[in-house]
Amino acid sequence: MKTRILFVCLGNICRSPAAEGIMRRIVEGRGLSGTFGIDSAGTYGGHRGELPDPRMRRAAARRGYELTHRARPLREADFERFDRIVVMDDCNYEAAHRLAPSRELAGKIYRMTEFCRRSPQWDHVPDPYYEGREGFELVLDLLEDACEGLLDDLRNPDRS
């Protein structure tokens, strides 16, 4: 049975599709592709159908990630479909909680930075949309760290 992970940010054009691409690469690199289902969504649906922001695609490509996800909104049905819903910041956390059909299903929501190992000082993954190149690089650094930590947590839940 696959463990299904959904990454969530505001517009689903920067942070969450980058997390999806990074996690896919890590999972593939460990030979675990058949074990995980990975997707992303946004709490705001205004970018529905769009590719990730070109700046994020360029920054990710420099690190060898290809981001091809098309933006979609977070849906109530996602709470049944996914085992973990991993959000980038407190606004995403609150929006996801409001959409959750029950308290039990809201228990699937986690903050991305809960899984950071090398960057524990961050309590959220900042939105790089209005930032320069450094903002996108910082986000990728945080996501690489957190995705590794998330996979370790999923593979070894007793070590967390």
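- Among residues two or more places apart in sequence or in another chain, the side-chain contact (heavy atoms from CB on, under 4.5 Å) test is passed with Arg103 by none.
- Annotation: side chain of Asp78 is in contact with side chain of Arg81 (closest heavy-atom distance under 4.5 Å).
- The two residues Ser102 and Leu105 have their closest heavy-atom pair at OG-N, 3.1 Å.
- Applying the side-chain contact (heavy atoms from CB on, under 4.5 Å) test to Ile26 and every residue at least two apart in sequence or in another chain returns Ile22, Arg30, Cys147, Glu148, Leu151.
- Separating the CG atom in Asp153 from the CZ atom in Arg117 is a distance of 6.5 Å, to the nearest 0.5 Å.
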Steps toward side-chain contact (heavy atoms from CB on, under 4.5 Å) verdict (Thr3, Arg84) = CA-CA 8 Å; Thr3 299; Arg84 292 219 185 172; 5.6 Å; no

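- Here NE2 of His97 is found 11.5 Å from CG of Leu99. Values are rounded to the nearest 0.5 Å.
- Pairs passing the salt bridge (charged side-chain N to carboxylate O under 4.0 Å, His left out) check and including a residue from residues 31-44, sequence neighbours excluded, read Asp39-Arg72.
- Residues meeting the side-chain hydrogen bond (donor to acceptor under 3.5 Å, both in side chains) test with Asp145, sequence neighbours left out: Ser119.
- Atom CG of Leu142 and atom NE2 of His124 lie 9.0 Å apart (nearest 0.5 Å).
- Formation of a donor-acceptor pair under 3.5 Å by the Asn92 side chain with backbone atoms of Asp89 is found in this model.
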Taking only distance into account, with no hydrogens and no angle test, what donor-acceptor pairs under 3.5 Å do side-chain atoms of residues 107-116 form with protein atoms, sequence neighbours excluded?
| from | atom 1 | to | atom 2 | distance (Å) |
| --- | --- | --- | --- | --- |
| Lys108 | NZ | Phe79 | O | 2.7 |
| Lys108 | NZ | Phe82 | O | 2.8 |
| Arg111 | NE | Asp90 | OD1 | 2.9 |
| Arg111 | NH2 | Asp90 | OD1 | 3.3 |
| Thr113 | OG1 | Asp123 | O | 3.2 |
| Glu114 | OE2 | Arg111 | N | 2.8 |

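- Between Val86 and Leu6 there is no side-chain heavy-atom pair separated by less than 4.5 Å.
- The two residues Pro126 and Arg15 come nearest to each other via the heavy atoms O-CD, 3.3 Å.
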List the atom pairs, donor and acceptor, that lie under 3.5 Å between side-chain atoms in residues 52-71 and the rest of the protein, sequence neighbours left out.
| from | atom 1 | to | atom 2 | distance (Å) |
| --- | --- | --- | --- | --- |
| Asp53 | OD1 | Arg55 | N | 2.8 |
| Asp53 | OD1 | Arg55 | NE | 2.9 |
| Asp53 | OD2 | Arg55 | NH2 | 2.8 |
| Arg55 | NH1 | Tyr129 | O | 2.9 |
| Arg55 | NH2 | Tyr129 | O | 3.0 |
| Arg57 | NH1 | Pro52 | O | 2.5 |
| Arg62 | NH2 | Glu137 | OE2 | 3.0 |
| Arg63 | NE | Glu137 | OE1 | 3.3 |
| Arg63 | NH1 | Asp141 | OD1 | 2.9 |
| Arg63 | NH1 | Glu144 | OE1 | 2.9 |
| Arg63 | NH1 | Glu144 | OE2 | 3.4 |
| Arg63 | NH2 | Glu137 | O | 3.2 |
| Arg63 | NH2 | Glu137 | OE1 | 2.7 |
| Arg63 | NH2 | Asp141 | OD1 | 2.8 |
| Tyr65 | OH | Glu144 | OE2 | 2.8 |
| His69 | ND1 | Glu20 | OE1 | 3.1 |
| His69 | NE2 | Asn12 | OD1 | 2.8 |
| His69 | NE2 | Ser40 | O | 3.3 |
| His69 | NE2 | Ser40 | OG | 3.2 |
| Arg70 | NH1 | Gly49 | O | 3.1 |

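- Listed by first then second residue, pairs satisfying ring pair (Phe, Tyr, Trp, His ring centres under 6.0 Å) with a partner in residues 18-57 read Tyr44-His47, not counting sequence neighbours.
- With rounding to the nearest 0.5 Å, the separation of NZ in Lys2 from OG in Ser33 is 8.5 Å.
- When all heavy atoms of Met88 and Ala19 are compared, the pair lying nearest together is CE-CB, 3.9 Å.
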Show the numbers, then the answer: is there a side-chain contact (heavy atoms from CB on, under 4.5 Å) between Leu143 and Val125?
-> CA-CA 8 Å; Leu143 293 177; Val125 177; 4.2 Å; yes

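- Rounding to the nearest 0.5 Å gives a distance of 4.5 Å between CG of Leu10 and OG1 of Thr43.
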May I have the step-by-step check of side-chain contact (heavy atoms from CB on, under 4.5 Å) for Ile38 and Phe7, ending in yes or no?
-> CA-CA 8 Å; Ile38 304 164; Phe7 295 104; 3.8 Å; yes

